[in-house]
Each structure stands twice: as C-alpha cells, then as structure tokens.
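Working notes, structure below.
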There are 2 protein chains.
Amino acid sequence: MQIGKIARATGTKVNTVRYYEEIGLLKPAPRSQSGRRIYADADVERLVFIRRARGLGFSVSEVRSLLEVSDAPNRDCKDAANLARNHLRRVEEQIEQLQAMRQELIGLARACDGGTATDCGIIGGLARKSA
Amino acid sequence: MQIGKIARATGTKVNTVRYYEEIGLLKPAPRSQSGRRIYADADVERLVFIRRARGLGFSVSEVRSLLEVSDAPNRDCKDAANLARNHLRRVEEQIEQLQAMRQELIGLARACDGGTATDCGIIGGLARKSA
DNA sequence: CCTTGATCCTCCAGTAACTGGAGATTGTAA
DNA sequence: TTACAATCTCCAGTTACTGGAGGATCAAGG
Ligand SMILES: [Zn+2]
Ligand SMILES: [Zn+2]
Ligand SMILES: [Zn+2]
Ligand SMILES: [Zn+2]
C-alpha cells in the first residue's frame, strides 16, 4: 500500500508518516519504480504501536525505546515496564500541577464581578505574587 | 535596578527577561550609559504579573491580552474574564485527557508480569488499536 | 594602577514533534 | 488529452524559552 493508505489506516497525517521515517521510528520504506513508498501490513502494526504510545503521552524517545523492546522478542521486558511506570508517574505529576492551576483559576474567576480593569479580581489577582 | 536583580526578584532567568522584551511583553528598558537595561519597581510588578499568568498556564499570547486589559484601567474587564474562563476550560480538558491516559497506563502496567517482550502486556497492549 | 570575577551586552543555534506549503512528478479516469 | 488526486523532496514555521560564544563593563581588592 502507499503512504496515503497507511496514513488513513492509522489516523496519521502523510507528512507525519514521512517524519517518522526520517527520525527512524519507521524503517525507510521500499520504493516503487517511480519512487513512492510502499508499505506492508507489518508497517501498519508498527505505526499503530507508535501512535498509540504517542497518544498515551510517551515521548518519541520513549517510543523508540519501547519499539526496541518490541523488536527483540526474547528480551526481558523490564525496560519497557520501568519506562511505563516512570511515565505514569510523570503523567500523575502533570495532573496534580494542572489541578493546582485549576483551583487558582477558579479562585481568580470568582474574584471578578465585572466592571473596569482596575477593580477586576482577575487582573488584581495576577498582579499579586501568591494566590 | 539592572536585569540580574529584576530577574532574581521575580524568579525569572535573565535571558527570559530579555526575551520578554524582544517579544513585546515588556517595553524596551531604558539603558544606562554603557547600554545596560535599567528597571523600575513598576517593571517588577509587570514581570510578576507575566510570570504568574504563565505559571497558571496562560500562553504568551493570552498574557499579552491580559496585559492589554491591565494597561487600560478604564476598560471593561470582560475580555480578561472570558479569557480566564476559556483557559480554565482548556485546563480542565487537559486534566481529563491526562486522567484517561493515566487509566490506560495503569491498565497497561497491570498487564505486565515480567518475562520476555513477546509475552509482555505492555508491549502487547500498545500493539492493539484500542485499550 | 591593575587584575579578577561577576554582570552585562548582542547574536544565534537548539529544543519537541510535528505541520503546512511550494514546486515538481506520477498515476488514473473520463 | 486533460484534468485531478496523490506523491515526491525540501524547507520554513510553530511555542516559549534556554544556553552559549565572544566581547564589554563594573566593583573590589591588592
Ligand atoms: Zn514519558
Ligand atoms: Zn473582572
Ligand atoms: Zn489558555
Ligand atoms: Zn512486561
């Protein structure tokens, strides 16, 4: 299949597929006579793996590591497991940070009764160092 | 005061202060004879405002808008209020997305009993299209 | 007076992960 | 034939800084 089809099949943009090849997440695809990339079903699976990992927030570099494990069937999976655990922890930290922001933003929003900028609790609240 | 002091006073890196000037969040600071930037107390306040807004996740462009309101004391604050409300909504969306990731990551991690990559629930789980 | 070390200056390149576009081919169908 | 879709290869732009090179300037100590 050509690039457009694998892109559609995996919910990836054509440009992004080419980009993944460029950075080495996908091996350089064999080309047709006229130079078009040709993909096989295994490539779809690999791309699904990549997209899914990216969708879970793994960085490209993390995806690279996960693929390495996936590519070596006999390898101990503990590297992947550690990676996933660490990533989970970072996701949880992000959640906490966003929840803190959320609380402060709710407080700010409550401090606004309308009116002019001078009297606005949002503007005023931002001007103060701490919440 | 010079740039190092305002940076320290606001928890900003010197380079970042210059960057804010470059992109117009801070007005070009007047210079000393030898060309060094000189700041006044009002600049500290402005920088605190910027840093606080950035800390709450507002984009630079949003901060610019907030500053515009703040700079026009008689202006109705509704633009700022809308901005804050919309931003709050986006933060909440991000939280939800991260919580969904978290759930999937927890599921993935549970699916790993150790062993080889072939049998690993993490690798296997990533290969499948849906969770 | 001179030297040191801390600050400051101006560029400029790099980061993450794509995204979109220009300009040129190629493939296909009416 | 003519049109239109899909593909190709560059390459620039996005966000919000961060760090560094190479070169002035300043204050303090000797
Ligand atoms: Zn991660
Ligand atoms: Zn208000
Ligand atoms: Zn926002
Ligand atoms: Zn495992």
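Chain A is the first sequence line, chain B the second, and so forth, proteins listed ahead of strands; every chain is numbered from 1.
Between A/Leu26 atom CG and C/dC18 atom P there is a gap of 11 Å when expressed in whole angstrom units. In this structure, A/Glu62 atom CD and C/dA17 atom C1' are separated by 13 Å, rounded to whole Å. Atom CZ in A/Arg51 sits about 12 Å away from atom P in C/dA17, given to the nearest Å. In this structure, B/Glu22 places its CD atom 14 Å from P of C/dA13, rounding to the nearest Å. When the C1' atom of D/dC8 is taken as reference, atom CD of A/Gln33 falls 16 Å away, rounded to whole Å. The distance from atom CD1 of B/Ile23 to atom P of D/dT15 is 10 Å, rounded to the nearest whole Å. In this structure, B/Glu21 places its CD atom 17 Å from C1' of D/dA16, rounding to the nearest Å. Between A/Leu47 atom CG and C/dA17 atom P there is a gap of 16 Å when expressed in whole angstrom units.
Considering only side-chain atoms of B/Ile3, the nucleotide from C/dA17, C/dC9, C/dG21 that sits closest is C/dC9. Closest contact between the side chain of B/Thr16 and the listed nucleotides D/dT18, D/dA24, D/dT9 involves D/dT18. Here D/dT7 is the nucleotide among D/dT18, D/dT7, C/dC18 with the atom lying nearest to any side-chain atom of A/Val14. Set against C/dG20, D/dT7, C/dC18, the side chain of A/Lys13 has C/dG20 as its closest nucleotide. When the nucleotides D/dT9, C/dC18, C/dC9 are ranked by their closest atom to the side chain of A/Arg31, D/dT9 comes out on top. Closest to the side chain of A/Tyr19, out of D/dT25, C/dA17, D/dA16, is C/dA17. Of the candidates D/dC17, C/dG21, C/dC18, C/dC18 carries the atom nearest the A/Val60 side chain, counting heavy atoms from C-beta on. Among the nucleotides D/dA24, C/dC18, D/dT9, the one closest to the side chain of A/Arg37 is D/dT9.
Using a 4.0 Å heavy-atom distance criterion, B/Arg18 is classed as a base contact. When heavy atoms are screened at a 4.0 angstrom cut-off, B/Tyr20 is found touching the sugar-phosphate backbone but no base atom. Within 4.0 Å (heavy atoms only), B/Arg8 reaches no atom of the nucleic acid at all.
From B/Leu98, atom CG reaches atom CD1 of A/Ile95 across 5.0 Å, with rounding to the nearest 0.5 Å. Rounded to the nearest 0.5 Å, atoms CZ (A/Arg37) and CD (A/Glu21) are 4.5 Å apart.
A donor-acceptor contact shorter than 3.5 Å is absent between the side chain of B/Arg110 and the backbone of B/Gly121. When atom types are taken as modelled, the side chain of B/Thr10 and the backbone of B/Ile6 share a donor-acceptor pair closer than 3.5 angstrom. Between the side chain of A/Arg102 and the backbone N or O of B/Glu92, no donor-acceptor pair lies under 3.5 Å.
Projected onto DNA chain D by closest heavy-atom contact, B/Ser32 and A/Asn15 fall at different nucleotides, the more 5' of which corresponds to A/Asn15. Both B/Ser59 and A/Arg36 lie close to DNA chain D; mapped to their nearest nucleotides by heavy-atom distance, the more 5′-ward contact belongs to A/Arg36.
A close approach under 4.0 Å does not occur between any side-chain nitrogen or oxygen of B/Arg64 and OP1 or OP2 of D/dA16. Of the side-chain N and O atoms in B/Gln2, none sit less than 4.0 angstrom from OP1 or OP2 of C/dT7.
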Original post:
Run the side chain to side chain contact (heavy atoms under 4.5 Å, CB included) check on B/Met1 and B/Asp43 step by step: do they pass?
Top reply: CA-CA 10 Å; B/Met1 88 195 69; B/Asp43 298 317; over 6 Å; no
